[in-house]
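Read through the structure below, which is laid out as structure tokens, and then see the notes.
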Amino acid sequence: MNAPSEKAEPAFIGVVCGLKSEADVVRQCAGRARPSDQPATAMRVGVSGASAQRAEEIARDFCRDGARTILSVGVSGGLNPALAPGDLLIADAVVTADGARYDCDKDIVKAIFRSLDAVSAPNPPTGAAAAPIILFGADEIVASAAEKAALFQRFNAAAVDMESHGAARAAASAGAAFAAVRAVADPASRALPSAALNAVAPDGSTRVMRTLLECAKAPGQFPALLKLGQDSGSALKTLRSVIGSIMDAL
């Protein structure tokens with residue numbers, strides 16, 4: 001008699017976020033846009049903190065467990081001066097400083113754009129974001145306006161984040177499809193306040209007290225820190241308005 005075979009786990013979408021707040025948006029909104037008689041999208045969500053290495057590990061584990069698609073979702077720093085806080089971006093590819101390029105799955109990108117026609121986003125892709133954009137994957141925080149301008153000039157990248165390239169690398173290695181959905185937080189013209197540079201904990205939570213204590217040492221940073229918080233809120237609002245339809249489209 002043959003031994004019973006183990007039941008294979010169904011395919012799912014592996015979602016990689018840098019922050020817990022981003023992951024909360026995905027979990028809260030996924031399935032919200034679908035008709036009640038349709039099954040929810042099978043997915044798992046992982047949080048990497050400000051670490052491309054951790055993002056790669058999470059995506060690699062997802063792929064090993066059966067994920068056929070890896071989706072990077074979250075806020076990003078603007079590099080293209082034409083972009084404003086809250087602007088929605090759909091990536092065409094992710095590039096890195098060492099010259100690597102990870103192309104997003106074209107069919108998924110098309111499906112995402114089609115899904116956006118069915119929703120009313122606060123800042124839908126228009127102007128510089130109306131077509132798929134290049135995303136720059138950074139291993140270190142890109143803090144100054146000068147650094148942002150240099151990356152835009154060199155790579156023609158519209159925005160930067162710290163996890164998409166890790167997730168994309170794992171997807172490419174496993175032969176899984178990859179895509180990235182981002183919303184702009186800090187614009188290209190604005191530097192990050194120094195108090196915010198270590199605000200993200202390894203688990204993706206925000207070190208609120210530590211950040212405020214750092215800011216108290218140089219109170220002149222408070223307006224910039226407050227503005228960053230407002231703009232990050234705008235970016236999360238944009239993601240919240242579209243992520244349900246995007247997940248259902250995949």
Side-chain angles (χ1 to χ4, degrees), residues 12-31 41-67 69-77 91 94 96 135-143 159-171 173-174 176 178-186 192-217 221 224-226 228-240 243-244 246-247:
F12 62 93
I13 297 173
V15 183
V16 180
C17 300
L19 305 175
K20 283 186 173 181
S21 57
E22 299 162 346
D24 288 343
V25 168
V26 174
R27 293 188 182 103
Q28 291 164 8
C29 297
T41 304
M43 70 169 191
R44 291 190 196 173
V45 183
V47 180
S48 65
S51 169
Q53 179 179 347
R54 179 60 183 145
E56 185 172 1
E57 292 170 354
I58 292 170
R60 185 172 62 238
D61 288 345
F62 284 160
C63 292
R64 181 200 62 202
D65 291 344
T69 299
I70 298 296
L71 184 65
S72 172
V73 177
V75 305
S76 59
V94 182
T96 62
L135 196 60
F136 182 80
D139 292 316
E140 303 291 338
I141 294 177
V142 178
V160 55
D161 73 43
M162 299 181 68
E163 60 271 358
S164 289
H165 59 306
R169 193 157 48 222
S173 179
F178 173 78
V181 177
R182 316 301 300 186
V184 176
D186 50 300
L192 294 175
S194 60
L197 300 185
N198 292 302
V200 180
D203 66 354
S205 61
T206 302
R207 295 169 167 146
V208 177
M209 289 305 302
R210 176 175 175 174
T211 301
L212 291 175
L213 288 172
E214 285 297 314
C215 201
K217 298 175 184 177
Q221 298 181 80
L225 193 64
L226 179 61
L228 177 61
Q230 292 172 339
D231 291 342
S232 296
S234 294
L236 289 174
K237 181 180 179 181
T238 295
L239 292 175
R240 191 173 291 111
I243 201 64
I246 287 174
M247 293 300 296

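For reference, positions follow the sequence shown, starting with 1. Remember, predicted model here, so these are calculated numbers, not experimental data.
Looking at residues two or more places apart in sequence or on another chain, you find a side chain to side chain donor-acceptor pair (under 3.5 Å) between D161 and S164, R182. With sequence neighbours left out, the side chain to side chain donor-acceptor pair (under 3.5 Å) criterion links D24 to no other residue. For the salt bridge (charged side-chain N to carboxylate O under 4.0 Å, His left out) test, no residue two or more places apart in sequence or in another chain qualifies with R210. Not counting sequence neighbours, the partners of T96 by the side chain to side chain donor-acceptor pair (under 3.5 Å) test are D98. Taking the salt bridge (charged side-chain N to carboxylate O under 4.0 Å, His left out) definition, one finds that R60 meets it with nothing, sequence neighbours left out.
A donor-acceptor pair under 3.5 Å is formed between the side chain of E22 and the backbone N or O of V75. Between the side chain of E56 and the main chain of R169, no donor-acceptor pair closer than 3.5 Å is present. The main-chain N or O of L228 is found under 3.5 Å from a side-chain atom of S232 such that the two form a donor-acceptor pair.
Between the SG atom of C215 and the CG atom of L225 there is a distance of 5.0 Å, given to the nearest 0.5 Å. The distance from atom CG of N198 to atom CZ of R207, rounded to the nearest 0.5 Å, is 6.5 Å. How far CD of Q221 is from CD of E214: 8.0 Å, rounded to the nearest 0.5 Å. In this structure, the separation between OG on S76 and CG on D186 is 8.0 Å, given to the nearest 0.5 Å. Atom CG of residue D231 and atom CG of residue L226 lie 9.5 Å apart, to the nearest 0.5 angstrom. Here CE of M162 is found 9.0 Å from OG of S48. Values are rounded to the nearest 0.5 Å.
Atom CD of Q230 is surrounded by more than 12 heavy atoms from other residues, nucleotides or ligands within 6.0 Å.
The closest side-chain heavy-atom distance from S21 to T206 is not below 4.5 Å. R27 has its side chain out of reach of V15: every pair of non-hydrogen atoms, C-beta onward, lies at least 4.5 Å apart.
Closest of all the heavy-atom pairs between A195 and T211 is O-CG2, 3.4 Å. The two residues I70 and A59 make their nearest non-hydrogen contact at CD1-O, 3.9 Å. Across all non-hydrogen atoms, the minimal contact from V142 to L192 is O-CD1, 3.9 Å. What you find for H165 and A138 is that their closest heavy atoms are CE1-O, 3.3 Å. Residues V184 and A235 share a closest heavy-atom pair of O-CB, 3.3 Å. Nearest heavy-atom pair, L239 versus A183, reported as atom, atom and distance to 0.1 Å: CG-CB, 4.0 Å.
E163 and S72 form no side-chain donor-acceptor contact under 3.5 Å, judged by distance and modelled atom types alone.
Sorted by first and then second residue, the salt bridge (Lys or Arg N to Asp or Glu O under 4.0 Å) pairs involving residues 194-204 (not counting sequence neighbours) are K20-D203.
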- Item | Full working for side-chain contact (heavy atoms from CB on, under 4.5 Å) between M43 and L71 | CA-CA 10 Å; M43 70 169 191; L71 184 65; over 6 Å; no
